[in-house]
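First the structure, in the form of structure tokens, and then the observations on it.
Computed from a predicted model, the values in this text were never measured in an experiment.
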Amino acid sequence: QVQLVESGGGLVQTGDSLRLSCTASEGTFSRYAMGWFRQAPGKEREFVAAVGRIGGTLYVDSVKGRFIISRDNTQNTLYLQMNSLKPEDTAVYYCAAGLVVAIEKASSYPYWGQGTQVTVSS
């Protein structure tokens with residue numbers, strides 16, 4: 001099975017930047033669509049950003065212009081560059097992977113990481 005490990009979360013202040021990474025265990029990484037989702041306490045898991053296997057990207061409106069998703073297939077790694085962070089970005093961030101078409105839908109992804117906490121103080 002595919003194992004995903006996120007890293008890069010932390011405690012930052014409003015306006016700061018973070019870069020999250022997600023490394024996959026399999027050499028089939030390049031075949032997968034990959035996405036970032038987040039879940040704040042008491043809230044539903046929500047889509048943040050995703051990248052398809054050929055590089056097409058989607059973002060939730062609230063992060064457009066601030067976050068950039070990218071992938072490095074040679075390193076089996078997915079990134080989320082997060083700029084101009086806001087308190088409302090506070091959540092556990094999860095990466096996901098799979099042979100999916102609807103890359104913005106969490107239910108489409110069979111493989112998930114354990115999550116990394118991002119906390120943005122005001």
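Side-chain contact of T119 with Q117: a donor-acceptor pair under 3.5 Å is present, judged by distance alone. For the 3.5 Å distance criterion, the side chains of Q81 and N83 qualify, holding a donor opposite an acceptor.
The distance between the ring centers of F47 and F37 falls below 6.0 angstrom.
The two atoms that bring P110 and G98 nearest to each other are CD-CA, 3.7 Å, heavy atoms only. Here the shortest heavy-atom pairing between Y59 and A49 reads CD2-CB, 3.5 Å. Annotation for V100 and A33: closest pair CG2-CB, 3.7 Å, computed over non-hydrogen atoms. Nearest heavy atoms, G56 versus I103: O-CD1, 4.3 Å.
Looking only at distances, a side-chain donor or acceptor of E6 sits under 3.5 Å from a matching main-chain atom of C95.
Taking CG of L85 as the start and OG of S17 as the end, the distance is 6.0 Å to the nearest 0.5 Å. The line from OG of S108 to CG of L99 is 11.5 Å long, rounded to the nearest 0.5 Å. Summarising the geometry, atom NZ belonging to K64 is positioned 8.0 Å from atom CG belonging to L58; distances are rounded to the nearest 0.5 Å. Between the CD atom of Q39 and the CD atom of E44 there is a distance of 7.5 Å, given to the nearest 0.5 Å.
Side-chain contact between R53 and S30 is absent, with no heavy-atom pair separated by less than 4.5 Å. Between M82 and R19 there is no side-chain heavy-atom pair separated by less than 4.5 Å. Put simply, the side chain of M34 reaches to within 4.5 Å of the side chain of L4, judged on heavy atoms. For the pair L80 and V48, the minimum side-chain heavy-atom distance is below 4.5 Å. Side chains of Y79 and L20 form no contact here, defined as non-hydrogen atoms less than 4.5 Å apart. Using a 4.5 Å heavy-atom threshold, the side chains of V118 and L18 count as touching. Inter-residue side-chain proximity for P87 and T14 is flagged as met; some heavy-atom pair is nearer than 4.5 Å. Contact annotation: the side chain of T23 never approaches that of Q75 to less than 4.5 Å [non-hydrogen atoms, C-beta and beyond].
Judged by the 6.0 Å and 45° rule, R45 forms a cation-pi pair with W112. Taking the ring centre of F29 as origin, the terminal cationic atom of R71 falls inside the region bounded by 6.0 Å and 45° from the ring axis.
The existence of a salt bridge linking D89 and K86 is excluded, since no basic side-chain nitrogen approaches an acidic carboxylate oxygen closer than 4.0 Å.
For E46, the CD atom counts as densely surrounded, since its 6.0 Å shell holds more than 12 non-hydrogen atoms of other residues, nucleotides or ligands. In R66, the CZ atom is crowded: over 12 heavy atoms of neighbouring residues, nucleotides or ligands sit closer than 6.0 Å.
Residues V5 and Y109 are members of separate hydrophobic clusters, defined by side-chain heavy-atom contacts under 4.5 angstrom among Ile, Leu, Val, Met, Phe, Trp and Tyr.
Between F67 and Y93, the ring planes lie tilted relative to each other; the angle falls in the 30° to 60° range.
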